[in-house]
There are 2 protein chains.
Amino acid sequence: MPTDTTPTGAPSGARSLEHPAREDIRLADVLHALADPMRLRIVCALAAAEGELNCADIELPVSKSTCTHHFRVLREHGVIQQIYRGTAKMNGLRRADLDALFPGLVDDVLRAADLQSRRLADEGDA
Amino acid sequence: MPTDTTPTGAPSGARSLEHPAREDIRLADVLHALADPMRLRIVCALAAAEGELNCADIELPVSKSTCTHHFRVLREHGVIQQIYRGTAKMNGLRRADLDALFPGLVDDVLRAADLQSRRLADEGDA
DNA sequence: GCGGTCATACGATAGGCGTCGTAGTACGGT
DNA sequence: ACCGTACTACGACGCCTATCGTATGACCGC
């Protein structure tokens, strides 16, 4: 409703996202973030892409709002980093930070997720 | 109220606990079980003991009921196994199953938990 | 048998979380 | 300048969960 779109001196062009510092990342938080199937899928996709991925590039069987929610959880728990690139928001795994804090954990989780999906697929096809 | 303590043919001496089969253990469930600080503590203690531990041998800053609850969550998600030994209930990590399903994961989580606790302790003492 | 101890079950409570829809905001292209 | 697109914010709903206290059941030693 306000006629001006720049209220109270807020920088309109600087859409910045809050990320926890490396030392503030907690194991329980990371595990919690990874414990949701949707988020696990996101993380796997991100790891497979090895680079930046648009939010919409990851197809999920949930609504847009829910998708945003999951991305935020991952970001606030230190699992991913997000930056704005034009209208899109690019996402990337914080591998360096996670590997430094919890060596090998991310790799093992990703491998475990892959193993399990294959196992379940085999069961289904058999 | 019933005068007999063996109602409807239920085996009174066979207090058996339900455990998921190895192939029914899901990664998301395990991560979820591990994502709670209390449960993480329990698992660490169990791993450190390398054997069986009485429920009461693990000191937790929660009530007895809550403790039982956490143990049950761990058991139902396939992280630990529990057997009755007299009045006590012995708990043990299901390392073989977990390592077979998710190689290296448990070790890394335990190592990560240890690393983090040291890191936090250092911060506190400094 | 009796009582003590360990653990459970059950109910209650408060908070968190996953999900959605709608309305709103930022940016890029025409 | 306008519109469409991409994402967000907010409120709502229902479910799950972490916590507790109390009452109950199972076992062991006497």
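In the text below, chain A, chain B and the rest are named by the order of the sequence lines, each starting its count at 1. This is a predicted model, so every value here is computed, not measured.
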Practice prompt. Pick out which of A:His19, A:Arg72, A:Arg75 makes a side-chain hydrogen bond (donor to acceptor under 3.5 Å, both in side chains) with A:Gln82.
Written response: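 Among the candidates, only A:Arg75 passes.
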Kindly point out which of [options] is positioned nearest to the side chain of [X]?
X	options	answer
B:Ser65	C:dC6, C:dG21, D:dC20	D:dC20
A:His69	D:dT19, C:dG18, C:dA7	C:dG18
B:Val62	D:dT19, C:dA9, D:dA9	D:dT19

Expressed as a whole number of angstroms, how long is the span from [X]:[atom1] to [N]:[atom2]?
X	N	atom1	atom2	result
A:Asp36	D:dC16	CG	P	14 Å
B:Lys64	D:dG25	NZ	C1'	14 Å
A:Tyr84	D:dA6	OH	C1'	9 Å
B:His32	C:dG16	NE2	P	14 Å
B:Glu59	C:dC6	CD	P	13 Å
B:Glu76	D:dC16	CD	C1'	13 Å
A:Leu74	C:dG18	CG	P	10 Å
A:Ile58	D:dC7	CD1	P	10 Å

Discussion item. If you assign each of B:Arg85 and A:Asp57 to its closest nucleotide in DNA chain D, which residue comes earlier from the 5' end?
Written reply: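 The answer here is A:Asp57.
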Item to complete: Before giving the answer on side chain to side chain contact (heavy atoms under 4.5 Å, CB included), spell out for B:Asp114 and B:Cys44 the whole-Å C-alpha distance, their side-chain angles and the decisive distance to 0.1 Å.
Response: CA-CA 8 Å; B:Asp114 189 55; B:Cys44 286; over 6 Å; no
Discussion item. I want to check one thing: is the phosphate of C:dG28, taken as OP1 and OP2, less than 4.0 Å away from some side-chain N or O of A:Thr87?
Written reply: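 No.
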Practice prompt. Please check the phosphate of D:dC20 (OP1 and OP2 only) for any side-chain N or O of B:Ser63 closer than 4.0 Å.
Written response: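 Yes, B:Ser63 has a side-chain N/O under 4.0 Å of OP1/OP2 on D:dC20.
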Discussion item. Applying salt bridge (Lys or Arg N to Asp or Glu O under 4.0 Å) to B:Arg95 and B:Asp107, what does each step give before you reach the verdict?
Written reply: CA-CA 9 Å; B:Arg95 288 203 77 113; B:Asp107 278 330; 2.3 Å; yes
Practice prompt. Determine the contact category for B:His70: base if any of its heavy atoms lies under 4.0 Å from a base atom, sugar-phosphate if only primed atoms, P, OP1 or OP2 are that close, otherwise nothing.
Written response: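 Here B:His70 touches the backbone only, sparing every base.
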Discussion item. Which is more 5' along DNA chain C, the nucleotide nearest B:Cys67 or the one nearest A:Cys67? Just name the residue.
Written reply: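 Nearer the 5' end of the strand: B:Cys67.
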Discussion item. Salt bridge (Lys or Arg N to Asp or Glu O under 4.0 Å), that's the test. Do A:Arg111 and A:Asp108 meet it? Break it down for me.
Written reply: CA-CA 5 Å; A:Arg111 197 175 321 127; A:Asp108 280 340; 2.8 Å; yes
Worksheet item: Okay, side chain of B:Asp29, backbone of B:His77: is any donor-acceptor separation there less than 3.5 Å?
Response: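 Judged by distance alone, no pair lies under 3.5 Å.
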